Each structure stands twice: as C-alpha cells, then as structure tokens.
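Have a look at the structure below before the remarks.
Predicted model only: the values in this text are computed from it and were never measured. These values consider heavy atoms only, across backbone and side chains, with no hydrogens, waters or symmetry-generated copies.
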Amino acid sequence: MLRSMHTPADFEGVLRGAELRVTRPRLAVLEAVHAHPHADTDAIIGAVRTAVPTVSHQAVYDVLRALTAAGLVRRIQPSGSVARYEARVGDNHHHVVCRSCGAIADVDCAVGEVPCLTAADDQGFTIDEAEVTYWGLCSECAATPITT
Ligand SMILES: [Zn+2]
Ligand SMILES: [Zn+2]
C-alpha cells in the first residue's frame with residue numbers, strides 16, 4: 001500500500017497530469033482528501049479552510065466534482081452515510097463500515113488483482129467497478145457495551 005508523504009509540487013503534478021488547471025482550492029482539496037481518507041464534505045471543507053480560509057462551500061463541492069470526474073478522487077457513499085472521498089483510486093478496493101459509529105476502513109480485494117470485477121455472469125454488461133461494502137462493528141464499538 002502506498003502511503004507516501006506528498007509535497008505541494010506532487011499535487012500540482014497530479015492536477016497537470018489530469019489536465020486540470022492548478023488552483024489553490026484544487027491543491028488544498030486534493031491535499032485534504034489525501035490526508036483524511038473517507039472524510040465527508042464538511043470535514044474536507046474544514047481542512048481546506050486551514051489552507052485557504054476564504055474558500056466557499058460551493059467551491060469545495062465544485063472541486064470535489066472535478067477531481068472525481070478526473071479520476072483523482074473516489075467518491076463513496078455507504079447507505080445511510082453522507083458522501084465520502086478518498087485519494088486511493090483505481091484499485092477497486094472495498095470498505096468495511098461500522099454500524100454503530102460509522103467508521104470506515106479500506107479492505108483489499110479478497111484475492112489477487114481486482115477479481116471482483118469478474119462477475120460469475122456479467123449479463124452482457126461491460127463492468128468497470130464492483131462496489132462491495134462489508135458491515136459490522138469496529139473494534140472500539142465491539143468492545144463497548146451498548147447503552148440506549
Ligand atoms: Zn464503531
Ligand atoms: Zn477506501
């Protein structure tokens with residue numbers, strides 16, 4: 001798994017590589033998504049504002065849409081959750097979600113190289129993504145007695 005430190009110059013290169021104009025909000029959003037995997041929009045806005053205090057909600061939404069469309073960011077939305085974003089793209093990994101606190105973690109494909117894209121019967125569809133969500137309790141919630 002790649003968990004390298006990124007410099008602002010790296011993010012500029014990432015934007016240019018996707019033929020996106022380099023702007024401060026785009027750099028800040030890209031950096032925030034890298035630093036906070038599976039963050040929701042509010043958390044990303046909070047992180048972006050530490051770098052670009054004047055950025056509007058709409059601007060962050062627009063940047064997230066552009067980055068997602070360019071394939072630099074992946075948008076996931078487990079049922080019952082708001083949209084969340086991550087910078088780990090292109091490997092079709094899955095997610096495990098805690099039913100209690102909503103924590104999300106990455107889960108690699110069960111075997112080898114994106115085998116989940118090979119459906120038993122593709123019904124004639126050209127499949128490019130398999131979205132698998134495992135549900136359960138995170139270790140913290142599993143260790144806490146449920147109080148209602
Ligand atoms: Zn939990
Ligand atoms: Zn993920």
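- Annotation: side chain of H95 is in contact with side chain of D106 (closest heavy-atom distance under 4.5 Å).
- Within a 6.0 Å radius of CD in E12, other residues, nucleotides and ligands contribute more than 12 heavy atoms.
- In this structure, the side chains of L20 and L72 come closer than 4.5 Å at one or more pairs of heavy atoms.
- For C138 against C98, the heavy-atom pair with the smallest separation is N-SG, 3.2 Å.
- W135 and P78 get closest at one heavy-atom pair: CH2-CB, 3.9 Å.
- Residues satisfying the side-chain hydrogen bond (donor to acceptor under 3.5 Å, both in side chains) criterion with Q77, sequence neighbours excluded, are R75.
- Cluster annotation: V63 and Y61 are assigned to distinct hydrophobic clusters (Ile/Leu/Val/Met/Phe/Trp/Tyr, side-chain heavy-atom contacts under 4.5 Å, transitive).
- Here the NE2 atom belonging to H34 is positioned 10.5 Å from the CD atom belonging to E86, to the nearest 0.5 angstrom.
- Between V33 and L67 the shortest side-chain heavy-atom distance does not fall below 4.5 Å.
- Within the 4.5 Å cutoff, no side-chain heavy atoms of V22 are placed close to those of F11.
- Between H38 and I76, the shortest heavy-atom distance links the atoms CD2-CD1, 4.1 Å.
- The two residues R88 and D91 have their closest heavy-atom pair at NE-OD2, 2.6 Å.
- In the hydrophobic clustering of ILVMFWY residues, with side-chain heavy atoms under 4.5 Å counting as a link, L137 and I104 come out apart.
- Nearest heavy atom pair, residue G102 against residue R84, reads O-NH2, 4.4 Å.
- Considering only heavy atoms from C-beta on, V97 stays 4.5 Å or farther from S81 through its side chain.
- Applying side-chain contact (heavy atoms from CB on, under 4.5 Å) to I44 and the options T41, D40, V48 leaves one that passes, V48.
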- Task: Would you please test R21 and L15 for side chain to side chain contact (heavy atoms under 4.5 Å, CB included) and show each step?
- Result: CA-CA 7 Å; R21 203 158 46 85; L15 288 173; over 6 Å; no
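- Between I45 and H57, the closest heavy-atom pair is CD1-ND1, 3.4 Å.
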